[in-house]
Each structure stands twice: as C-alpha cells, then as structure tokens.
Amino acid sequence: MAKVHASNLETELSLFKYGHLEQLPPAYRDLEEDERTERIEAAREELGDDVVVLGHNYQRREVVEHADFVGDSYGLSKRAAETDAEYVIFGGVTFMAESADVITDDDQTVILPSMEASCPMAGMAEALQVDAAWAEITDAAPDANIVPVTYMNSYADLKAFCASQGGLVCTSSNAHRAFEWAFERGDTVLFLPDKHLGENTAYRLGVEDRIAEWDPWDPEGKDPAEVADADVILWDGYCQVHERFTDEHVAAIREEHPDANVVVHPECRREVVEAADVVGSTSTIRETIADADPGETWAVGTEIHLTRHLRRWHPEVEVLPLCGDACMDCNAMRQIDPNYLTWVLEELAEGRERNVIEVDPEEAELAKVALDRMLEV
Ligand code: 13P
Ligand code: SF4
C-alpha cells in the first residue's frame, strides 16, 4: 500500500462541524454499478487487512454489499473497538464515526465517506445548550442527584459532558440497562436527545409515572425545580423518520392483514410501540424477521432501506413497510453514496486520506469514558 499523507482539499461548504468537507470529484459522480463494484473490489484487494468497512443497517444496498460487518449502532461500536485495521471506513452517520474514532486506538483512522451524513436528531441537543439547561436545573435543585444519559445519536462533546457529570451513553439496544446503571447512582435520569426512546425506556422499567419534559427552545415554560423532582427528564428531541409512524398505521395494517405482526424501532412514539408486537434496535428488527417462519407477514416500522434489505434477505417472509409509501429513508444515511465509498477507497490505495473524522483529543478522552461505561453495562 502507498505511503499515506493527509489531504487538505477543503471546500467552502461548512455544513459540518469539523470545518472540512471534501466533496466527490466530478469523475466519480456517474459511475455505473458494475464498474464501481470492480473498482471497490480492486481497491479493497490492494488495501487488504489495512481496511475494514463497517455499515449501518440503514445504508444503501450498494454500500451494505461491500461492508465487512453490517449492524446496529451498538454492534458497530463493538466492531470498531475490536478491529486492528489501520483504517475504519464507516458507512453510517457522523456521530457513529465519531464514536468509532473515540473507541479505536490513536494509530487507527476513521473515515466517513461523505461528511454530509449528519443525523438531525444528534443536532437537537448541542452540548452548550445541555450545559446551560443542566446549570439551570441543578441551580434550582442543588440537592437533586441527576445522572445524564445520552443516546449514541449525539455528538462527542455531549458524550464528554455526560461522562463529566457521572453519566454514560446508550444505544437503542441497551437503553434500559443504561437507565438501571444510572438509577443505581442517582435519583433522576436526564435522557438526551430522543424523547421517544427515553419515554419507551421509562415504561419498560416501570418508571413512567414521574416523567418531565425539557424543551430546550422554551426553558421558561418549565419550573426547573419541579423538573428535577421527576424520575426521568426527557429532552425534547426526536427522529423525523420514526415520528412519522402512528398507531393508526398499525391499526390499518392489522385490518388489511389480520395475520400480520408488527415490529418497530423504539424511536417510534409511545402509542406505536404499545401497539406493536416487537420493539427493538435495528438488529433486533433483523433478527425478528430472520427468525420468522416462512409465510409469516411482518410490518416493519423503521427506516425504509432496512425494510427493503429485509425483503431481499428473507423472500420467504412477507415484509411490509408499516406506513406503505409514506415510509421515509434517512436523509443523513443516504449521503453515503457508493461513489463516495469508491473514491475514499481508491484515494487510500493511492496513499491519500479523505474525510477523516478526528475528535478533539480532550473531548475524546471523556467521551470514551461514557462509551466504555456503555460497553460495560
Ligand atoms: P440502532 O442503534 O437501532 O441501529 O439505531 C440507530 C438509529 O439511528 C436509528 O434511527
Ligand atoms: Fe438520525 Fe433518525 Fe437517521 Fe437514525 S434514522 S440516523 S435517528 S435521522
């Protein structure tokens, strides 16, 4: 493999918080799938074990097909922590690549093929905003013992903030264990940023009677001392892909397909989760369909690419999108275009690093504490 040196091909776009956003060169924009596959395979052959490609379950088929491991956020973090590869190419969104950078060793490099892959929900809880809310709540209730728990879908600075306040990170597959961990250490959980996952987890643990919401855009609307007295404080963030599902969609599916089962992601609203048969992370959704008997019908309430993968992977099961044509893809995940994957791999084979994710070292040290706590619960 050629000697690698960092590139400095910056553009004026500043959508991304790292301040550099390298865009796809024109020569890569219209590749045909056959040619692209050949080129990806050739670059991977040349790079060998130096590179591992990780892909989230929501990635496009043309990315998933080239991944060494495809999984949910938790599985991907574990893989990132375990790999010895010098380069981790992350088919996912910024917060996932950041976490991989935090978890991997200093001599490993994480590449996010397109820097535009930023999850809007992660942007709904900015660390500065959370810090201000924290000060307001803890000033009003100095004796309160609050433990912050942030969903993986948040930026590294918020993960670092949670670690600094004795908290941790969780994903959709271990939120209940993270809550239990927090309740062993405090009286109140402040959960960020997804109010639906937070509420669904509170119900799962039977602590739904004393839930308060904190709307960061209307802090005046709340009495911080009253909020601090709750068991669970929910930050007012949400995923627009999952908020779209309603209990009416579940009722309509059951009416049209009386034998249908329903599996949904816990980012869905409370009433959708209540109406479903199974709720779980994207990997639980995959396992549920993999374990289904031939001929069973399952309606899936999550991002549409995963539903399409499930149809392809399990043609013996009837897999339906829970809200039909209204089911959405995730605009952030979609930014990982397979042409970008081709580009970053070919550049790496030529000794050039593109779109490297590098979390500030001080922030990374603390964020790692919060992530390690998650990996241990
Ligand atoms: P999972 O952790 O279940 O893969 O979910 C990640 C995500 O972003 C869901 O919207
Ligand atoms: Fe973020 Fe929702 Fe996309 Fe998941 S599906 S990455 S929560 S926008």
Side-chain angles (χ1 to χ4, degrees), residues 15 54-60 63-64 67 69-80 90-100 103 112 114-125 149-155 158-159 169-178 191-198 200-201 204 235-245 263-269 272-273 276 278-289 300-310 321-323 326-336 371 374-375 377:
L15 292 171
L54 301 181
H56 186 265
N57 288 320
Y58 293 163
Q59 289 287 291
R60 305 167 185 221
V63 173
V64 158
F69 175 77
V70 181
D72 66 2
S73 310
Y74 181 73
L76 292 167
S77 322
K78 283 203 73 171
R79 285 294 168 129
F90 213 109
V93 290
T94 317
F95 70 78
M96 296 179 182
E98 272 194 343
S99 298
I103 286 175
L112 183 67
S114 166
M115 290 290 209
E116 286 179 88
S118 286
C119 162
M121 178 159 70
M124 290 179 190
V149 180
T150 186
Y151 192 20
M152 180 66 104
N153 301 31
S154 58
Y155 289 112
L158 183 55
K159 292 183 172 88
V169 174
C170 72
T171 70
S172 60
S173 62
N174 55 26
H176 58 294
R177 289 203 295 279
F191 188 69
L192 313 135
D194 183 10
K195 63 179 172 188
H196 298 302
L197 176 61
N200 289 323
T201 308
R204 177 168 174 173
W235 192 264
D236 192 8
Y238 59 89
C239 164
Q240 57 205 13
V241 175
H242 289 93
E243 257 212 348
R244 169 163 290 225
F245 299 109
V263 57
V264 301
H265 195 276
E267 286 176 17
C268 292
R269 297 165 193 272
V272 175
V273 164
V278 179
V279 54
S281 79
T282 56
S283 285
T284 300
I285 294 174
R286 273 178 69 173
E287 284 155 20
T288 303
I289 303 303
V300 178
T302 195
E303 200 269 351
I304 193 67
H305 282 98
L306 176 53
T307 310
R308 292 193 190 125
H309 298 327
L310 292 168
L322 180 56
C323 62
C327 285
M328 284 172 73
D329 69 347
C330 168
N331 183 42
M333 290 279 179
R334 186 172 3 115
Q335 302 305 320
I336 308 295
L371 282 160
M374 173 191 82
L375 293 171
V377 293

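All ligand and atom numbering here is 1-based and tracks the order in the structure. This one's a predicted model, so the numbers in the text were calculated from it and none came from an experiment. Heads up: numbering here begins at 1 and tracks the sequence.
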Between H176 and R204, is a side chain to side chain donor-acceptor pair (under 3.5 Å) present by the stated rule, with each step listed?
CA-CA 7 Å; H176 58 294; R204 177 168 174 173; 3.3 Å; yes
Which of the ligand 1 atoms, numbered from 1, are nearer than 4.0 Å to a heavy atom of S281
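Counting atoms of ligand 1 from 1, those under 4.0 Å from S281 are 3 (O).
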Between [X] and [Y], is there a donor-acceptor pair closer than 3.5 Å when you use the side chain of the first and the backbone of the second?
X: D72; Y: G75; result: yes
X: T282; Y: N57; result: no
X: E303; Y: C330; result: yes

Considering distance alone, does some N or O of [X] sit under 3.5 Å from an N or O of ligand 1?
X: H56; value: yes
X: T282; value: yes
X: N153; value: yes
X: S172; value: yes
X: D72; value: no

[X]: what forms a ring pair (Phe, Tyr, Trp, His ring centres under 6.0 Å) with it, not counting sequence neighbours?
X: H309; answer: W313
X: F95; answer: none
X: F191; answer: F179

Pair H242-T302, side-chain donor/acceptor within less than 3.5 Å
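The criterion, which ignores hydrogens and geometry beyond distance, is satisfied for T302 and H242.
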Scan side-chain atoms only and decide if S99 and S77 contain a donor-acceptor pair under the 3.5 Å cut-off.
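Result is no, nothing qualifies.
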What protein heavy atom is closest to [atom], reported as residue, atom name and distance in Å?
atom: atom 2 (O) of ligand 1; answer: S73 OG, 2.8 Å
atom: atom 5 (O) of ligand 1; answer: H265 NE2, 3.3 Å
atom: atom 9 (C) of ligand 1; answer: E267 OE2, 3.0 Å

Would you mind telling me if ligand 1 is within reach of the side chain of H242, the backbone, both or neither, using heavy atoms under 4.0 Å?
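For H242, only side-chain atoms sit under 4.0 Å from ligand 1.
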What part of E267 sits under 4.0 Å from ligand 2 if we count only heavy atoms: the side chain, the backbone, both or neither?
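Side chain only.
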Tell me if the OH atom of Y238 is crowded by more than 12 foreign heavy atoms within 6.0 Å.
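For Y238, atom OH is not crowded (no more than 12 foreign heavy atoms under 6.0 Å).
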Report the protein N/O/S neighbours of atom 3 (Fe) of ligand 2 that fall below 2.8 Å; do not count waters.
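Short answer, with waters excluded from the count: C330 SG.
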Smallest separation among heavy atoms of M333 and H56, with atom names:
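Heavy atoms only, the tightest pair is CE-ND1, 3.5 Å.
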